[in-house]
Amino acid sequence: MDTDVTEPDRPRRDPADDEDEGSPFGPVGVVGAGAMGAGIAQVAATAGHAVTLVDAAAGAAAAAVERIGASLSRLVEKGRLSADDATAVRRRITPAEALDELPHCGLVIEAVPEDLDLKRRIFAELADLQPPTTVLATNTSSIDIDDIAHEVTDPERVLGLHFFNPPPVMKLVEVVHGERTARAFVEHAAALMAAWGKTPVRCSSTPGFIVNRVARPFYGEAQRIVESGIADAATVDWILREKGGFPMGPLELTDFIGQDVNLAVGTSVWEQTGRDERYAPTAFQRSLVEAGRLGRKSGRGVYTYAADGSVDDSVDGSEPDVELAERLVGGPVATDPLARTLAMLVNEAVDLVARGEASADDVDTAMRLGTRYPKGPIEWGREIGFDVVARQVAELDDAYPGGRYRPSPALTDGSLR
Ligand SMILES: NC(=O)c1ccc[n+]([C@@H]2O[C@H](COP(=O)([O-])OP(=O)(O)OC[C@H]3O[C@@H](n4cnc5c(N)ncnc54)[C@H](O)[C@@H]3O)[C@@H](O)[C@H]2O)c1
């Protein structure tokens, strides 16, 4: 995923329309002016809102506004935004250093570091400062919405708006409801995201929400296949790319994301599901992180990288064994990296839908937009046949007993046909 692209989503209204009167939804507050907060502020201002961007670190919000200005200028240079619109968008964003500098907002989005105590404190303060109609949203990737809303007296207005990185480019926003979030606020927030040119999907506050939950087997199965010596990393990546149509293989993707970051997300889902065996981190990935092999950013992860960022192909194991790949694909599911990965992706997605955490359409949309999978997993399941997937997962369970491979009952109960 390119983190330096700042092509904005096209707003449905002219950003210059309401420079003076403000958007009908009212001002937007963004708390935390880091990578995500600055991007979200840019998106909101581009959609016409007056935005106040708050960061507790002295000068951080002002510096973020400068960065947003530079990113808007690049869009002007590329002919994607007029100079006047860029100026108007930039002028709508006001930097601030404390929550009490926020005006009364229609929506406040929090994007401070992933720390429950910090987020709880901010939400308690925001709930006191903002009127009861203000939607209070968190951009958390992994913390339960009800936990964040714990000290808010009216938690029905607290929800998740999980943007993907970088927010001006990525279309997907997971609109996450806690147990106490009111439906009306969810619909209101989803409609607003659509008006910002985003594609909202709704889900409950389940560990990992949709994308970070359903994607777990994409990484985990590849790691286990390499760990057990069925195929080397380059061959597994080749199979998922060339035979599966995924834009990147799972092992090269974790090098790109950062092995430490990917392990932290996986571990968080594992912990939050009561250490469900299905999400248990692999020894393979743990040992990479322990050895400081964090991926591209450290020059070495699963692969070794040359100074220009390309894979160093003088290192053994960087080239796929295509002959082996052709033998494995279409063979027994336990040793077929593609069938095994798809079966587990479908199983995970079906489970999420069957538990009522998200709709089948939203799961497919989320995976296509959030991870760029070539197809949604439910659509894939229909193509493969849910009964075939059920047999494949059962076969995996026979080959690797211990609870990791549990066919979802919804694969065979007919509910998803
Ligand atoms: N980076 C990603 O790819 C990504 C993607 C989706 C969601 N998220 C989530 O978004 C949130 C922010 O992530 P990020 O990568 O932008 O973090 P970041 O570290 O880049 O930025 C966080 C900012 O919050 C500020 N901050 C800290 N305490 C504050 C306080 N009390 N009041 C106001 N500002 C404060 C910091 O000074 C910093 O500028 C996290 O919850 C993260 O899980 C991140």
Side-chain angles (χ1 to χ4, degrees), residues 1-6 29-44 51-68 71 93-102 108-126 129-130 136-145 147-149 151 158-176 193 198 201 203 205 207-213 215 253-254 256-258 260-269 272 295 297 366 369-371:
M1 219 175 295
D2 190 348
T3 49
D4 192 34
V5 191
T6 46
V30 179
V31 183
M36 297 305 290
I40 294 167
Q42 180 179 331
V43 172
V51 177
T52 304
L53 178 57
V54 184
D55 200 293
V65 176
E66 288 303 310
R67 288 200 309 277
I68 295 168
S71 123
I93 310 175
T94 308
E97 295 186 358
L99 296 181
D100 61 10
E101 292 176 58
L102 285 169
V108 179
I109 305 176
E110 164 278 311
V112 303
E114 199 73 337
D115 170 337
L116 174 59
D117 287 341
L118 175 64
K119 287 184 193 280
R120 265 191 186 164
R121 276 204 308 277
I122 287 175
F123 273 77
E125 208 177 322
L126 284 174
L129 290 167
Q130 292 290 323
L136 302 179
T138 171
N139 187 47
T140 181
S141 328
S142 63
I143 305 177
D144 179 54
I145 303 302
D147 278 347
I148 291 175
E151 275 146 43
V158 178
L159 48 80
L161 285 177
H162 185 217
F163 287 78
F164 288 72
N165 194 8
V169 176
M170 296 295 283
K171 286 271 181 198
L172 184 68
V173 178
E174 291 177 329
V175 182
V176 188
M193 291 305 101
K198 298 295 177 194
V201 292
C203 67
S205 186
F209 310 141
I210 300 176
V211 171
N212 282 335
R213 175 69 165 267
L253 180 56
T254 48
F256 183 82
I257 294 168
D260 52 339
V261 173
N262 187 257
L263 176 63
V265 176
T267 304
S268 156
V269 171
Q272 289 185 66
K297 62 186 171 187
L369 296 182
T371 60

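Every value quoted in this text rests on a predicted model; they were computed, and no experiment measured them. For the single chain, residues carry numbers from 1 onward in sequence order. All ligand and atom numbering here is 1-based and tracks the order in the structure.
- Shortest contact from atom 8 (N) of ligand 1 to any protein heavy atom: S141 OG, 3.3 Å.
- Here the shortest heavy-atom distance to atom 40 (C) of ligand 1, taken over V112, V30, L161, belongs to V112.
- T371 places none of its side-chain heavy atoms less than 4.5 Å from the side chain of L253.
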Given the rule in the side-chain contact (heavy atoms from CB on, under 4.5 Å) test, do L161 and N139 qualify, once you have shown the distances and angles that lead to the verdict?
CA-CA 5 Å; L161 285 177; N139 187 47; 5.7 Å; no
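- Looking at A60 next to ligand 1, no N or O pair under 3.5 Å apart turns up.
- Looking only at side-chain heavy atoms (C-beta outward), V176 and C203 come within less than 4.5 Å of each other.
- Closest to atom 41 (O) of ligand 1 among all protein heavy atoms lies E114 OE1, 2.5 Å.
- Of the protein's heavy atoms, none falls inside 4.0 Å of atom 17 (O) of ligand 1.
- Scanning the protein heavy atoms around atom 13 (O) of ligand 1, the nearest turns out to be M36 CG, 3.9 Å.
- Although no hydrogens or angles enter the test, the distance criterion places no donor-acceptor pair under 3.5 Å between the side chain of E101 and the main chain of T52.
- In the vicinity of K119, heavy-atom distances shorter than 4.0 Å reach the ligand 1 atoms 40 (C), 41 (O).
- With atom 24 (O) of ligand 1 as the reference point, the heavy atom nearest to it among S268, G160, G34, P113 is part of P113.
- For atom 20 (O) of ligand 1, the closest heavy atom belonging to the protein is A35 N, 3.2 Å.
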Stepwise, does the side-chain contact (heavy atoms from CB on, under 4.5 Å) test hold for L172 with K198?
CA-CA 6 Å; L172 184 68; K198 298 295 177 194; over 6 Å; no
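- Residue contacts with ligand 1 for T138 are absent, since no atom lies close enough (heavy atoms, distance under 4.0 Å).
- For atom 10 (O) of ligand 1, the closest non-hydrogen atom of the protein is N139 ND2, 3.0 Å.
- When every heavy atom of F209 is checked against every heavy atom of E174, the shortest pair comes out as CB-OE1, 3.3 Å.
- When atom types are taken as modelled, the side chain of Q42 and the backbone of P168 share no donor-acceptor pair closer than 3.5 angstrom.
- Near H162, meaning under 4.0 Å from one of its heavy atoms, ligand 1 places the atoms 6 (C), 7 (C).
- Looking at V211, L369, I210 one by one, the single match for side-chain contact (heavy atoms from CB on, under 4.5 Å) with V201 turns out to be I210.
- Contact annotation for F164 and ligand 1: no heavy atom of the residue comes within less than 4.0 Å of the ligand.
- Near T140, with a cut-off below 4.0 Å to any heavy atom, the atoms of ligand 1 are 41 (O).
- Distance from atom 6 (C) of ligand 1 to its nearest protein heavy atom, with residue and atom name: F163 O, 3.2 Å.
- At least one side-chain heavy atom of T140 sits less than 4.5 Å from a side-chain heavy atom of I148.
- When all heavy atoms are compared, the tightest approach of M36 to F163 is CE-O, 3.4 Å.
- By the 4.5 Å heavy-atom criterion applied to side chains, H162 and N212 are counted as neighbours.
- Listed by atom number, the atoms of ligand 1 under 4.0 Å from N165 heavy atoms are 1 (N), 2 (C), 3 (O).
- Among the atoms of E110, none of the N or O lies under 3.5 angstrom from an N or O of ligand 1.
- Set against the non-hydrogen atoms of L118, the atoms of ligand 1 under 4.0 Å away are 28 (N), 31 (N).
- Listed by number with element, the atoms of ligand 1 under 4.0 Å from a non-hydrogen atom of V31 are 33 (C).
- Regarding atom 25 (C) of ligand 1, its nearest protein heavy-atom neighbour is D55 OD2, 3.1 Å.
- Exactly one residue among R120, R121, E125 makes a side-chain contact (heavy atoms from CB on, under 4.5 Å) with E151. That residue is R120.
- Nearest-residue assignment for atom 33 (C) of ligand 1 (options A57, A96, A56, A61; heavy-atom criterion): A56.
- Checking side-chain atoms of S142 against main-chain N and O of S268 turns up no donor-acceptor pair under 3.5 Å.
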